[in-house]
Number of protein chains: 2
Amino acid sequence: MFRQLGRLGHMSAQPLDSSEHRSGALLDHLARRIRLRSESVLAPLGLRPRHLVALTVLRAGGGTGQQALAATLEMDSTNIVGLLNDLEAKQLIERRRSPEDRRRHVVELTEDGAKRLSEAECALAGAEDEVLGALNPVERETLYELLNRAATGTVNCAEVICGTDDPR
Amino acid sequence: MFRQLGRLGHMSAQPLDSSEHRSGALLDHLARRIRLRSESVLAPLGLRPRHLVALTVLRAGGGTGQQALAATLEMDSTNIVGLLNDLEAKQLIERRRSPEDRRRHVVELTEDGAKRLSEAECALAGAEDEVLGALNPVERETLYELLNRAATGTVNCAEVICGTDDPR
DNA sequence: GGAATCGTCTGCGAAGCACCAACTATTTAT
DNA sequence: ATAAATAGTTGGTGCTTCGCAGACGATTCC
């Protein structure tokens with residue numbers, strides 16, 4: 001927690017200050033722009049942006065129970081049911097009862113699901129290009145990397161330089 | 001600037017290609033997470049996430065007409081009106097008739113607006129910390145930088161490569 | 001046996017938003 | 001000067017998303 005202070009320190013003595021640089025609004029804005037385009041692109045595939053998000057999360061965080069999923073997506077669990085029903089009807093996911101706790105449904109991406117997700121992502125290229133046009137490929141990759149880390153939670157910092165990292 | 005690029009560079013040998021790496025879903029997901037938290041934080045300030053987005057865009061892209069704003073936000077212009085009414089009632093923005101074309105309303109952030117926006121951003125620190133906890137300050141700044149460039153359009157397409165348009 | 005938990009289903013109500021139509025003020029074209 | 005186009009405003013309609021609450025069966029834990 002000392003590293004870049006030297007760099008940021010140019011403007012004031014404040015330790016925390018650093019950024020009014022809040023990303024929330026920008027995130028919101030860009031997400032909307034992409035979502036709008038995604039809807040029309042995804043429609044022929046029988047998917048909606050929300051499904052994509054769910055699939056993406058599932059690919060990243062494999063077989064979890066639904067309430068865990070609800071927590072991750074921060075959606076009401078009753079709405080998760082409907083979402084998963086859609087996906088299961090299309091055989092993109094599977095619900096299997098957990099052996100350890102048979103109340104639980106372990107949700108997992110099927111092969112079809114992974115395939116469809118890839119297709120969808122591929123189809124979205126154009127949409128993203130429009131919105132992220134100001135960024136070159138390297139920057140987009142960086143962006144993806146950052147978003148992915150933020151989304152999948154902390155963890156992975158170990159292997160990278162900042163062994164200690166995140167003193168939270 | 002290069003520090004984290006080098007750091008991120010560890011995983012892929014290829015600079016480009018690859019990307020099934022679509023950021024759309026992640027963007028969506030994170031935006032949602034932040035928005036949920038923002039709502040409660042912003043409520044006492046009499047603002048909603050959507051207002052924040054508008055103010056942010058206005059700060060970045062100053063005095064534009066409302067239809068230009070509608071285009072940027074990709075919202076129906078009739079809904080923009082209501083949004084701006086809210087903000088004007090709180091005196092966070094001003095509508096002035098454009099001298100050149102008096103049909104136009106030039107929308108601009110007031111001093112109060114800029115101040116309130118800063119306050120709001122400050123108040124959002126906690127919310128973002130929760131969501132972006134996996135990223136260290138440098139990375140968050142990078143993220144902000146990228147999002148900001150993507151959002152403000154950056155226009156620069158001319159000076160950059162894509163004169164021919166993105167040969168994907 | 002009784003309480004708590006997971007998933008499911010149903011329905012209600014609020015909010016966001018696109019769309020349509022009508023109207024005013026102003027500019028531009030003929 | 002008249003007509004057409006443009007910017008903004010207002011009101012209304014309807015769809016979709018989503019949180020929330022209630023009820024239920026299945027299962028686990030004490």
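Order of the sequence lines fixes the chain letters, A, B, ..., with proteins taken first and strands second; residue numbering starts at 1 for each chain.
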Taking [atom1] from [X] and [atom2] from [N], how many angstroms apart are they, rounded to a whole number?
X     : N      : atom1 : atom2 : answer
B:Q67 : C:dT26 : CD    : C1'   : 14 Å
B:M75 : C:dA18 : CE    : C1'   : 10 Å
A:D76 : D:dG19 : CG    : P     : 6 Å

Inset, instruction - Report the residue from A:T110, A:L84, A:V106, A:V107 that forms a side-chain contact (heavy atoms from CB on, under 4.5 Å) with A:E94. - result: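 Single side-chain contact (heavy atoms from CB on, under 4.5 Å) partner of A:E94 among A:T110, A:L84, A:V106, A:V107: A:T110.
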Inset, instruction - Ignoring backbone atoms, test whether A:Q66 places a side-chain nitrogen or oxygen under 4.0 Å from the OP1 or OP2 oxygen of C:dG7. - result: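 Result: no.
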Inset, instruction - Output yes when at least one side-chain N/O atom of A:H105 is less than 4.0 Å from OP1 or OP2 of C:dT8, else no. - result: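 Yes, because at least one side-chain N or O of A:H105 sits under 4.0 Å from OP1 or OP2 of C:dT8.
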Inset, instruction - Give a yes-or-no answer on whether the side chains of A:R97 and A:H105 include a donor-acceptor pair shorter than 3.5 Å. - result: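 Yes, side-chain donor-acceptor contact under 3.5 Å.
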Legend entry - Residues that A:E139 engages under side-chain contact (heavy atoms from CB on, under 4.5 Å), provided they are two or more places apart: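 A:L135, A:N136, B:L146, B:R149.
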Inset, instruction - Report the residues that fulfil side-chain contact (heavy atoms from CB on, under 4.5 Å) with A:A120, sequence neighbours left out, ordered by chain and then residue number. - result: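 Partners of A:A120 by the side-chain contact (heavy atoms from CB on, under 4.5 Å) criterion, ordered by chain and then number, come out as A:L42, A:L45, A:L47, A:L52.
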Inset, instruction - Scan residues 26-57 of chain B against DNA chain D and write down, sorted by residue number, each residue with any heavy atom closer than 4.0 Å; if none is found, say none. - result: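 By residue number: B:R32.
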Legend entry - Within residues 78-101 of chain B: residues closer than 4.0 Å to DNA chain C (heavy atoms):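 Per residue number, the list reads B:T78, B:N79, B:D101.
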Legend entry - Spatial distance of atom CZ (A:R116) from atom NE2 (A:H51) [nearest 0.5 Å]: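 Rounded to the nearest 0.5 Å, the CZ-NE2 separation comes to 11.0 Å.
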Legend entry - Pairs satisfying salt bridge (charged side-chain N to carboxylate O under 4.0 Å, His left out), at least one member in residues 71-92 of chain A, at least two apart: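 The answer is A:E74-B:R33, A:E74-B:R37, A:E88-A:R95.
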Inset, instruction - Scan for salt bridge (charged side-chain N to carboxylate O under 4.0 Å, His left out) pairs involving residues 48-57 of chain A, sequence neighbours excluded, and state none if there are none. - result: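 Output for this query is empty, none listed.
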Inset, instruction - Please figure out whether A:R104 or B:R103 has its closest DNA chain C nucleotide nearer the 5' end. - result: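 Closer to the 5' end of DNA chain C: A:R104.
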Inset, instruction - Determine the minimum heavy-atom distance between A:E128 and B:G24, stating which atoms define it. - result: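 Looks like OE2-N, 2.7 Å.
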